Amino acid sequence: MRIGVAGVGRIGAFHAATLRDLDFVDEVVLADAMPGAAQRVAGELGVAHVESVEALLDSGIDGFVIATATPAHAPLLRAGVAAGVPTFCEKPVAGTLQESIDLVELENATDVPIHIGFQRRFDAGYRRAQEAVRSGELGFVHTIRANTSDQSPPHASYIPTSGGIFRDCNVHDFDILRFVTGREVATVYATGANKGADFFTEAGDVDTGAAVLTLDDGTMVLVGSTRYNGGGHDVRMEVCGSDGTIGVGYDDSLALRSAEDGVSWPAGPQKWSFMERFLPAYRAELTAFADVASRAVPSPCTVADALQAFRTAEACELSRREGRVVSMSEIPDVPAVPATPHDASV
Ligand SMILES: NC(=O)c1ccc[n+]([C@@H]2O[C@H](COP(=O)([O-])OP(=O)(O)OC[C@H]3O[C@@H](n4cnc5c(N)ncnc54)[C@H](O)[C@@H]3O)[C@@H](O)[C@H]2O)c1
């Protein structure tokens, strides 16, 4: 397959390197809006490049990977679908809630495959947690703790267009929460603080966030995030039930040190970035995209899924701004499909 990648920043260059090494990929072609960027990264990786995303879509690619800054996701997803090219788009699916809703309508109206990049769905630990919930081995689940902590902030220019910590970072937790539990969020209360660089406050953002979510079956969820986790990159989930508790991300690389005497676990070395933490998951999701692109399997993460994670992030931002509990019913969603006369009779 010939795969085009738009955006060659942190994740775009990383995806391009991963794709280059996958068996099903014959050629990787890069494009970026910043003059010279695609050529530079293509030279480093030994792959091809073209001068623009338009040229990329015209160049006969079998799959289109969008890894640009978030505001470009929606227009490029539309361009990919208009060109009839199966499209993979990084999270969050769009920069705004309305764009995300509009993209669900696009997804419903096209048969061009679309796959959104929530790689935790391909992580072995989260899959095991999903199985533990589904099989009933945990009994009834009452509490979940989830966190996404980056070791250090991204470059300052990333923050103003990122959408804020809940849409950019915790959106991963909101998606995987639905994946693991099969439940929807009912209410949220969120807050945040900025004790690090001033560019977070200047962008209306925070560098550390916390939220309490209640799921539609009454499960309590405590969510945290920070851009300053000195101990390392730390992504975890604990699922606590009446018959057992399971933890995702608890291995020797866990980014903390025990305060107890004589405890040497976790032995390290810790991971420092999302690339190290999720390399096998990124590989698996891009391999899955090949099957999605060849229409062998349905999308493992649709725009409709991505919208629900985005709505939770939107509710957290509203809650943080207004300092109150927000019900998910306050957050716009795709219009409900009217019941047909047949549906109404049953
Ligand atoms: N799944 C994950 O774990 C993960 C991790 C990091 C980033 N991301 C997502 O990936 C996206 C990119 O993040 P990043 O950290 O690589 O950002 P980045 O700032 O390092 O790179 C973004 C790149 O996009 C390019 N770009 C911007 N607008 C463009 C356009 N219209 N056409 C072509 N190129 C364009 C920029 O020139 C830049 O090279 C973000 O949406 C982010 O949320 C996902």
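In listed order, ligands and their atoms are each counted from 1. Treat the numbers as computed from the prediction; the structure is a model and nothing was measured.
For the 3.5 Å distance criterion, the side chains of Arg236 and Tyr250 qualify, holding a donor opposite an acceptor.
The distance criterion of under 3.5 Å between nitrogen or oxygen atoms is met by Ala33 with respect to ligand 1. By the 3.5 Å distance cut-off applied to N or O atoms, Ile11 is counted among the residues near ligand 1.
Atoms of ligand 1 lying under 4.0 Å from at least one heavy atom of Ala67, given by number and element, are 12 (C). The atoms of ligand 1 that sit less than 4.0 Å from any heavy atom of His172 are 1 (N), 2 (C), 3 (O). Of all atoms in ligand 1, numbered sequentially from 1 with element shown, those under 4.0 Å from a heavy atom of Pro92 are 43 (O). Remark: ligand 1 atoms within the under-4.0 Å shell around heavy atoms of His73 are 41 (O).
Ligand 1 lies within reach of Gly117, whose nearest heavy atom is under 4.0 Å from it. The shortest heavy-atom distance from Ser157 to ligand 1 is not under 4.0 Å.
Atom 37 (O) of ligand 1 has Asp32 OD1, 2.6 Å as its closest protein atom, hydrogens excluded (heavy atom only).
Asp123 has no carboxylate O lying under 4.0 Å from a charged side-chain N of Arg121, or vice versa, which leaves the two without a salt bridge. Checked for salt-bridge contact, Arg321 and Glu314 miss the test: no charged N lies under 4.0 Å from a carboxylate O. Between Glu131 and Arg134, none of the side-chain N atoms (NZ, or NE/NH1/NH2) sits under 4.0 Å from a carboxylate O, so this pair counts as no salt bridge. Under a 4.0 Å N-O distance rule, the pair Lys271/Asp234 does not qualify as a salt bridge.
Of all the heavy atoms in Ala315 and Met328, the pair that sits closest is CB-SD, 3.7 Å.
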